[in-house]
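Have a look at the structure below before the remarks.
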Amino acid sequence: MSTVLESLNTSLHQAMTRDERVYMIGEDLMDPYGGAFKVTRGLSTEFPERVLTTPVSEAGIVGLAGGMALRGLRPVVEIMFGDFITLAADQLINGITKFHWMYNQQVNVPIVVRLPMGGRRGYGPTHSQTLEKLFLGVPGLRVLAPSALGNPGDLLERAILEDDGPVLFVENKLLYLQDIIDPSAEAEFVLISNTTTETYAPTYSLTLRDSPPPILTLTAYGYMAELARAAVLKLAYEHEIFCEMIVLTQLSPFESKTLLPVPLLTSIQRTQRLLTIEEGGITMGWGAEVVARASEAVGDALQSATRVAARDIPIPASVSMEEMVLPSVDTIVQAAKKMV
Amino acid sequence: MPDDQALYRGLYRIRRFEETVLNEFSSGLFYGTTHTYLGQEANAVGVLDHLQKEDIVFSNHRCHGHFIAYGGDPRALFAELMGKKTGVTGGRGGSQHIHWKNFYSNGILGSTVPVGTGAALAEKFKDSNAVTIIFLGDGTLGQGVVYESLNLASLWDVPVLFVVENNRIAQTTPIELAVAGEIPPRFNAFGIPTTELNTSDVCEILPTARELIAEIRGEAAPRALILHTHRFGPHSKGDDTRPEEEIKRLHAKHDPIKIHAERLDKNARTIIETEIDAQISEAFDLAKNDPLPAYI
Ligand SMILES: Cc1ncc(C[n+]2csc(CCOP(=O)(O)OP(=O)(O)O)c2C)c(N)n1
Ligand SMILES: [Mg+2]
């Protein structure tokens, strides 16, 4: 049994071992510190030449990594807190994600930018956000977010070694210490991992073992998948509402042909009800796009849809207020009960 | 050292290309925008003449002169400005966003500086011995990411030459309103040795650039070259806010073509000019007849 943090750390070691073109770039990466959240621990000891601990220059290091990628290396950038990605937004949006297309497909930019995101650590308004929604839909950019399901490290390793385009890799901070949930060892849920030809990032579907047919589809990613899983249990045992849950690991781009991952569509067609759960702010969020796509894809088969997300205010530092802003197991349960 | 005739060819080729662009913009054949290199030709020719095959150039919005001096095909650049399929980037990038071989440009001011620094660092890691040249204007010195990059380039001994083309103006804003203090200390503060030249004479730029590029290649460390220069044309097209007398004065005193022409006899000059005029007009005509992209 390993944690999400261990899984990610192991995969970084493996990626650097397997491919000499992989470089690790970020602030305070050197051992013994090994990065603010310790995801890069041990790398600077094992690969001193390929771990670059940097000045506090988010735009500079993301741009620099973009240039390294243009010239055939495979840099991985750690942004200490995902909130700081706004400083590098120009490098991503007006540069790195455009080079392949605007230079007429003559170049590739294989760069992974890792973003520790999310709240519930009391870090306050500028160190607790879930900002990836700002980057969803940016052409030429893949946005991935592992959860505790399956193999987060494998997802990261494939992004580093196999993806020839830019990737934002969103790591919720609360996931780091969670144990990984292995589908084959899962007792309460039937957990199925699905992949498509469009991406290497899997979509997971979960239903309670030996339960009646689900009447509601929940979809979530990252740490919200953990809360949603707890909500599914509560809904079943306390309210006799049975749900199917679909967990995405690729947030952007969406499937070009089917609009949404097929397991999600199939589930919506079965239950006719869709509840989206995300930690980012509700307005113009991931859930809004999922609901719009679900409606376009299944038409009248979608009877009702609801979004659970953070309120549109900054994340407060105080634990009591933080809880009032972010989605919780309770808010998910309440939203689900209203739908059936 | 290239001979005077070759240099004249290089300068005059850019001049004719850019004059054609400005003159023909009103005919509606070009689409979008342009920033001509008129008056600054000696910078591109003087700096890029020393490049080896593996060397890299990061250019900016004012990239036509850099591209042509790098060896880029005028027809492909005309075609790009017309949005044609045969353009440098197939009509996708337009005037400011081109890529060919080891030449890259981007229209976001300053954004190329970290990317170019990263490219240079990658080449250092790969032991390719390549030097990277990054062109930027005086106005671009207002961008913060430039200084993040200078810091990184110096900390990590990145083999890069920062070339500031100081034409003392950014679009319509004179340097007095945009750049505080002096330019060289901005580089010196990061420990980057800086050379300044105040000339439009390609024969003065050439040896200095050669020396700097050799130093960078030898030591794998950054250098800066500040070229005080003059923009003859509008910022883009027809948007010059400067008095006409000032432009006339610049032409009279600082024209790189005229300065270098003095070194050639009249006969040799006429031969070169006739040859290049024909080349450029042929390139233009070919591009004009090239097809627009039919799909995306
Ligand atoms: C980030 C950004 N801001 C503004 C512009 C618009 N713009 C294009 S060129 C220019 C002036 C640039 O001046 P300078 O760096 O001195 O270069 P020059 O045009 O003189 O060659 C401006 C403001 C831009 N392209 N990118
Ligand atoms: Mg200028």
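Chain letters run A, B, ... following the sequence lines, proteins first and then strands; every chain starts at 1.
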Less than 4.5 Å to any heavy atom of chain B: does that hold for the side chain of [X], its backbone, both, or neither?
| X | value |
| --- | --- |
| A:Ala59 | both |
| A:Glu58 | backbone |
| A:Asn94 | both |

Can you tell me how far apart [atom1] ([X]) and [atom2] ([Y]) are? Round to the nearest 0.5 Å.
| X | Y | atom1 | atom2 | value |
| --- | --- | --- | --- | --- |
| A:Met68 | B:Lys124 | CE | NZ | 11.5 Å |
| B:Leu155 | A:Leu52 | CG | CG | 11.0 Å |
| A:Leu73 | B:Phe125 | CG | CZ | 8.0 Å |
| B:Ser111 | A:Ile93 | OG | CD1 | 12.5 Å |
| A:Ile25 | B:Leu152 | CD1 | CG | 9.5 Å |

[atom1]/[X]: more than 12 non-hydrogen atoms of other groups inside 6.0 Å:
| X | atom1 | result |
| --- | --- | --- |
| A:Tyr123 | OH | yes |
| A:Lys38 | NZ | yes |
| B:Glu54 | CD | yes |
| B:Gln52 | CD | yes |

Interface moiety of B:Val88 toward chain A, non-hydrogen atoms closer than 4.5 Å = backbone
key: Region of B:Trp156 in contact with chain A, defined by heavy-atom distances below 4.5 Å   = side chain
Contacts of residues 104-113 of chain A with chain B (heavy atom under 4.5 Å) = A:Asn104, A:Gln105, A:Gln106, A:Val107
Counting heavy-atom pairs closer than 4.5 Å to chain A, which one of [options] comes out on top?
| options | value |
| --- | --- |
| B:Thr132, B:Asn102, B:Val113 | B:Asn102 |
| B:Ile108, B:Val158, B:Val145 | B:Ile108 |
| B:Ile98, B:Thr117, B:Thr112, B:Asn151 | B:Ile98 |

Proximity of A:Phe99 and B:Tyr104 rings by center, below 6.0 Å = no
key: Heavy-atom side-chain contact between A:Met102 and B:Asn106 under 4.5 Å   = yes
inquiry  = If you define the side chain from C-beta out and look only at heavy atoms, does anything of A:Gln91 sit under 4.5 Å from B:Pro114?
reply    = yes
query = Parallel under 30°, tilted from 30 to 60°, perpendicular over 60°: which one fits the rings of A:Tyr103 and B:His99?
reply = tilted
ask   = Which is it for B:Val115 and A:Leu70 under the side-chain contact (heavy atoms from CB on, under 4.5 Å) test, yes or no, and what are the steps along the way?
value = CA-CA 9 Å; B:Val115 179; A:Leu70 266 181; 3.9 Å; yes
request  = Under the side-chain contact (heavy atoms from CB on, under 4.5 Å) rule, what do B:Ile296 and A:Trp101 come out as? Steps first, then yes or no, please.
outcome  = CA-CA 11 Å; B:Ile296 193 168; A:Trp101 192 91; 3.6 Å; yes
task = Measure from the side-chain N and O atoms of B:Lys126 to the backbone N and O of A:Arg71, and report whether any donor-acceptor pair falls under 3.5 Å.
result = yes
